[in-house]
Engineer: 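If you scroll down you'll find the structure; I have some questions about it.
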Amino acid sequence: MISTAAISPPNSELAVRKEAMHVPVMLSEVLDGLSLRSGGIYVDATLGLGGHTEAILSRCPEVKMVLALDYDTEAMKKAGSRLAAFGSRVRLVYSNFIHLRDVLLSNRIEQVDGILMDLGISSFHLENSGRGFSFSRDEPLDMRMDQSGAVTAADIVNKLSVERLTELIHTYGEERWAKRIAKRIYERRKAEVILSSRDLAEVIADSIPRKYHPRRIHPATRTFQALRIALNRELDNLKEALDSFPSCLRPGGRMCVISFHSMEDRLVKIAFREDKRLKPLTKKPLVPSLEEINSNPRARSAKLRVAQYRGQNTALTQLL
Ligand SMILES: C[S@@+](CC[C@H](N)C(=O)[O-])C[C@H]1O[C@@H](n2cnc3c(N)ncnc32)[C@H](O)[C@@H]1O
């Protein structure tokens with residue numbers, strides 16, 4: 001394993017970092033977890049603005065290549081300029097990560113040394129995409145990470161029945177007021193179509209009795225999370241990835257997953273514990289240091305789990 005701790009980022013990296021809006025979460029833990037090795041090929045399945053990929057490439061010049069995927073073309077474009085200096089050491093592919101195996105095949109790569117998934121949306125989505133991910137902004141209610149998808153959050157909010165909306169908000173937002181919120185949305189949309197994130201946030205806030213408004217988060221937080229997760233099929237994608245990624249790893253290869261809410265973490269925990277191809281290396285998830293949370297509040301709910309692919313040899317000996 002290559003040591004990453006003692007090498008400081010080159011000046012160019014520092015310069016880019018000043019502009020970058022998204023600070024990569026649990027960076028040193030991820031670099032350790034991937035156990036970077038000389039000549040290794042790694043996959044960043046959720047490139048985003050390229051923070052983790054950039055760190056892998058700049059801090060570990062011995063790493064041969066990072067193949068990075070994202071299905072948000074706008075984020076990829078930004079990451080592309082940021083990573084241009086790394087030349088052929090980085091390959092960016094527009095794809096849903098559930099297709100990783102095919103992406104590797106078409107890039108003539110059989111197996112990789114490690115795969116990173118840093119789930120969810122980035123600060124770019126919240127602050128700069130203009131797609132209504134944030135309840136505190138007045139933006140069109142879109143919420144698609146992959147802009148080629150046909151359905152937007154506005155479609156869900158304005159077309160789903162009260163029952164299905166209730167179920168969606170309850171399931172993916174773990175919101176106890178789901179029924180009231182769905183009913184209020186239904187009443188409101190009879191009068192006029194709900195098209196903006198701020199309008200939706202107001203309807204949600206109005207539907208929860210004021211004395212039950214959560215203290216630490218905006219009353220619309222859980223519903224916004226639910227819409228985003230459902231629309232982008234986030235949990236289904238994660239399940240598919242957890243199932244198919246181990247077969248993309250070389251024996252001993254690592255899988256690192258950063259999740260941001262309990263539904264995601266539960267899926268990762270169960271997969272790492274029950275998939276016989278994997279050996280979990282983190283009994284409990286790693287969490288960010290207080291120092292990191294103070295400097296990057298977005299990191300506060302992050303959980304990192306790491307597993308190692310046992311490889312065919314182990315599986316064979318188990319069969320004998
Ligand atoms: C939290 S951000 C990653 C941030 C990145 N690690 C960094 O440091 O800049 C997650 C990214 O994953 C992408 N993403 C989410 N689900 C995806 C999927 N199923 N396939 C491909 N990309 C996905 C999102 O578009 C987003 O850009």
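For the numbers below, each heavy atom of this structure counts, side chains included, while hydrogens, waters and symmetry mates do not. All ligand and atom numbering here is 1-based and tracks the order in the structure. The model shown is predicted, which means the values in this text are computed figures rather than measured ones.
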Engineer: Quick check on His99: does its NE2 atom have over 12 non-hydrogen neighbours (other residues, nucleotides or ligands) under 6.0 Å away?
Structural biologist: yes
Engineer: Quick check on ligand 1: any N or O pairs to the protein under 3.5 Å? One line per pair.
Structural biologist:
residue  : atom   : partner : partner atom : Å
ligand 1 : 6 (N)  : His52   : ND1          : 2.8
ligand 1 : 6 (N)  : Asp118  : OD2          : 2.7
ligand 1 : 8 (O)  : Gly51   : N            : 3.3
ligand 1 : 8 (O)  : His52   : N            : 3.4
ligand 1 : 8 (O)  : His52   : ND1          : 3.4
ligand 1 : 9 (O)  : Leu49   : N            : 3.0
ligand 1 : 9 (O)  : Gly50   : N            : 3.2
ligand 1 : 9 (O)  : Gly51   : N            : 3.2
ligand 1 : 19 (N) : Asn96   : OD1          : 3.0
ligand 1 : 20 (N) : Phe97   : N            : 2.9
ligand 1 : 22 (N) : Tyr71   : N            : 3.3
ligand 1 : 25 (O) : Asp70   : OD1          : 2.7
ligand 1 : 27 (O) : Asp70   : OD2          : 2.7

Engineer: By the side-chain hydrogen bond (donor to acceptor under 3.5 Å, both in side chains) test, which pairs, at least two apart or in different chains, include something from residues 105-114?
Structural biologist: Arg37-Asp113, Arg91-Asn107, Asp113-Arg250
Engineer: For the backbone of Ile217 and the side chain of Thr221, can you confirm whether one donor and one acceptor N or O come within less than 3.5 Å of each other?
Structural biologist: no
Engineer: Check this for me: does any side-chain nitrogen of one of Asp265 and Lys269 sit under 4.0 Å from a carboxylate oxygen of the other?
Structural biologist: no
Engineer: I'd like to know if the side chain of Ser196 pairs up with that of Asp138 as donor and acceptor (distance under 3.5 Å, no hydrogens or angles considered).
Structural biologist: yes
Engineer: Compute both the distance and the angle, then confirm whether Arg298 meets the cation-pi test with Phe260: under 6.0 Å from the six-membered ring centre, within 45 degrees of the axis.
Structural biologist: yes
